[in-house]
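Take a look at the structure set out below.
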Amino acid sequence: MTEIRVPTLGESVTEATIATWFKKPGETVSTDEMICELETDKVTVEVPAPISGVLSEIIANEGETVAVNALLAVLTANGDNKLTAETQQKSDNDNDNDNDNDNEENGLKTDKFHKDLSVEVAPSAKKAIVEAGIDQDEITGSGRNGRIMKEDVKNAILSREQNQSLEKVAQASIPVGSKSTNQNINTREERIKMSRLRQTIAKRLKDSQNTAAMLTTYNEVDMTAVIDLRQEYKELFQQKHGVRLGFLSFFTKACCQALKEIPEVNAEIDEDEIVYKNYVNMGIATGTPTGLVVPVIRNVEELSFSEIEKQIAEKGLRARDGNLSMADMQDGTFTISNGGVYGSLMSSPILNPPQSGILGMHKIQDRPIAINGEIVIRPMMYLALSYDHRIVDGKGAVTFLVRVKEALEDPRRLLMDL
């Protein structure tokens, strides 16, 4: 008998919620096969089987909150601690038969996961597809190489229900206040319990507003020089370093220089003390199908442009696929949020506590501006710095944003540390 317990979830994380069981009691599992999925405040963790065997008993059910090292299930090992080819084949056949029965009840076909073998489906997404009775062809995967994630299934279900509701409304005109109208309205609403990640996002952002004396200052930057520099060197940069040259590395470098001059923007309050950081752990706010996460690039002031771009790309992929660890999102000292990728022209980003500053990037848009008394069209971007006024004065915040603007409008300053 082997006990399966909640793994260590990361520093300061003491509990998780059981999101999905991929196996039922009595089913056969193989070594390293994912048997359940846990949701923590920030990441989703899949728990693998340590050995091959049969899942004897599930101790904690879906929806329950469990502490680190709590007992999840009991696994009975095979005699030789591995499945023979015959046992594995029998198990596969049994599972196929079970799936056939389940799918007949739901009006499904068992080959839905095998229509396109090039598209990988996460275990939690497979279960969601079966339960919802939705065809895999209706789902667009957001994971790496188009991998279908659980959130993709939810989005496909919501889209289908919205379309069905619109069709019903178009087909019939029902008097307001009638029973049929009420039934039709109810089909257009759905209640889904907030995930632990979404609950944590909501709590942390509200706590930030309640705790910090948050203000936002704005400026704008002419992106001509950065765009020209990228255009001139992007192919050579990618050939040499194997990664695309983006805008974030320029903004990261510019922020690092500005933080040297205005260190309070890179500091935090600890009770009655101000803790100044002589390093920059840059958080890069990243949108994922399950919510906003902020992976951290450590000691970014010591990294080159190519090293920054590689880490941004690597952590971005892991965030999208739900593979970030708690350690990847801890100890940030300053954050950059790029709402421009979604088309935002102007916004006021919310602080990521206990940090004292966050820079908001926005959409690059051609606008007329006056240069040397003449009106010219330039690619402009609005910048926003939200800061904690308890530790950062207005002068420091404005100076910080001006230094970022100066570095981006003349990137040579980044090379000369000016």
Side-chain angles (χ1 to χ4, degrees), residues 11-13 41-42 197-221 248 251-287 291-301 326 328-340 344-362 381-408:
E11 183 181 349
S12 76
V13 180
D41 291 346
K42 291 189 175 180
L197 173 59
R198 178 56 59 186
Q199 292 179 48
T200 300
I201 291 172
K203 182 178 183 301
R204 284 177 61 85
L205 294 181
K206 189 57 183 175
D207 287 347
S208 176
Q209 288 184 319
N210 293 339
T211 302
M214 192 171 69
L215 291 178
T216 305
T217 184
Y218 304 92
N219 211 317
E220 62 178 352
V221 55
L248 271 173
F251 279 85
T252 300
K253 282 289 190 181
C255 285
C256 286
Q257 285 198 2
L259 290 172
K260 290 180 183 178
E261 182 177 347
I262 317 295
E264 58 267 32
V265 182
N266 195 49
E268 66 181 61
I269 294 177
D270 184 10
E271 295 183 352
D272 60 349
E273 296 180 331
I274 298 176
V275 182
Y276 291 94
K277 311 295 178 68
N278 297 320
Y279 57 90
V280 180
N281 287 348
M282 185 67 73
I284 305 295
T286 305
L292 181 72
V293 294
V294 188
V296 174
I297 302 176
R298 299 176 186 278
N299 300 310
V300 72
E301 78 282 0
M326 291 300 299
D328 291 324
M329 296 181 283
Q330 292 175 336
D331 303 325
T333 63
F334 184 82
T335 296
I336 295 177
S337 178
N338 185 7
S344 172
L345 186 63
M346 175 74 78
S347 68
S348 301
I350 298 178
L351 288 172
N352 184 21
Q355 298 172 23
S356 296
I358 178 171
L359 179 75
M361 298 169 55
H362 298 91
M381 176 192 288
Y382 288 120
L383 299 180
L385 175 71
S386 292
Y387 60 99
D388 189 345
H389 207 359
R390 297 178 301 167
I391 182 174
V392 182
D393 292 330
K395 177 183 177 182
V398 171
T399 302
F400 174 90
L401 210 51
V402 168
R403 294 295 179 266
V404 171
K405 169 186 170 70
E406 291 173 346
L408 293 169

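As a basis for the values below, the full set of heavy atoms in this structure was taken, side chains included, without hydrogen atoms, waters or symmetry mates. Numbering of residues begins at 1 and proceeds along the displayed sequence.
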Ile358 side chain reached by Ile336 side chain, heavy atoms, under 4.5 Å: no

Separation of Asn352 CG from Met329 CE (nearest 0.5 Å): 11.0 Å

Flag, side chain of Asn266 to backbone of Lys277, donor-acceptor distance under 3.5 Å: yes

Flag if over 12 foreign heavy atoms under 6.0 Å of CG, Asn278: no

Considering all heavy atoms, the nearest Ile274-Ala267 contact: CG2-CB, 4.0 Å

Validation row: Leu215, Tyr387 side chains within 4.5 angstrom (heavy atoms): yes

From CZ (Arg298) to OH (Tyr279), nearest 0.5 Å: 9.0 Å

Spatial distance of atom OG1 (Thr252) from atom CD1 (Ile284) [nearest 0.5 Å]: 4.5 Å

Nearest heavy-atom neighbours spanning Thr216 and Ala384: CG2-CB, 4.0 Å

Ser386 side chain to Ser348 side chain, donor-acceptor N/O pair below 3.5 angstrom: no

Within-4.5 Å side-chain heavy-atom neighbours: Thr399 and Glu261: yes

Shortest non-hydrogen separation from His389 to Gly394 and the atoms involved: CE1-N, 3.7 Å

Which atom of Arg390 lies closest to which atom of Ala213, heavy atoms considered: CG-CB, 3.8 Å

Lys253 NZ to Met282 CE distance, which is reported to the nearest 0.5 Å: 10.5 Å

Residue pair Ser356 / Ile391, side-chain heavy-atom distance below 4.5 Å: yes

Rounded distance (nearest 0.5 Å) linking atom CG of Leu351 with atom CD of Glu268: 12.0 Å

Salt-bridge contact Lys260-Glu301 (side-chain N to carboxylate O under 4.0 Å): no

Check: Thr333 main-chain N/O paired with Asn281 side-chain donor or acceptor under 3.5 Å: no

With sequence neighbours excluded, residues passing ring-ring contact (aromatic ring centres under 6.0 Å, His included) with Phe400: Phe334

side-chain contact (heavy atoms from CB on, under 4.5 Å) between Glu406 and Leu408, intermediate numbers included: CA-CA 6 Å; Glu406 291 173 346; Leu408 293 169; over 6 Å; no

Flag side-chain contact, heavy atom, 4.5 Å: Thr335 against Val294: yes

Set of residues satisfying salt bridge (charged side-chain N to carboxylate O under 4.0 Å, His left out) with respect to Glu220, sequence neighbours excluded: Arg367

Asn219 (side chain) donor-acceptor with Val402 (main chain) under 3.5 angstrom: no

Side-chain heavy-atom pair Gln257, Leu259 within 4.5 angstrom cut-off: no

Pair Asp393 + Lys395: basic N to acidic O under 4.0 Å: no

Rounded distance [0.5 Å steps], CE in Met361 versus OG in Ser337: 9.5 Å

Any donor-acceptor N/O pair, Ser344 side chain to Gly340 backbone, under 3.5 Å: no

Donor on one side chain, acceptor on other, Ser347 and Tyr382, under 3.5 Å: no

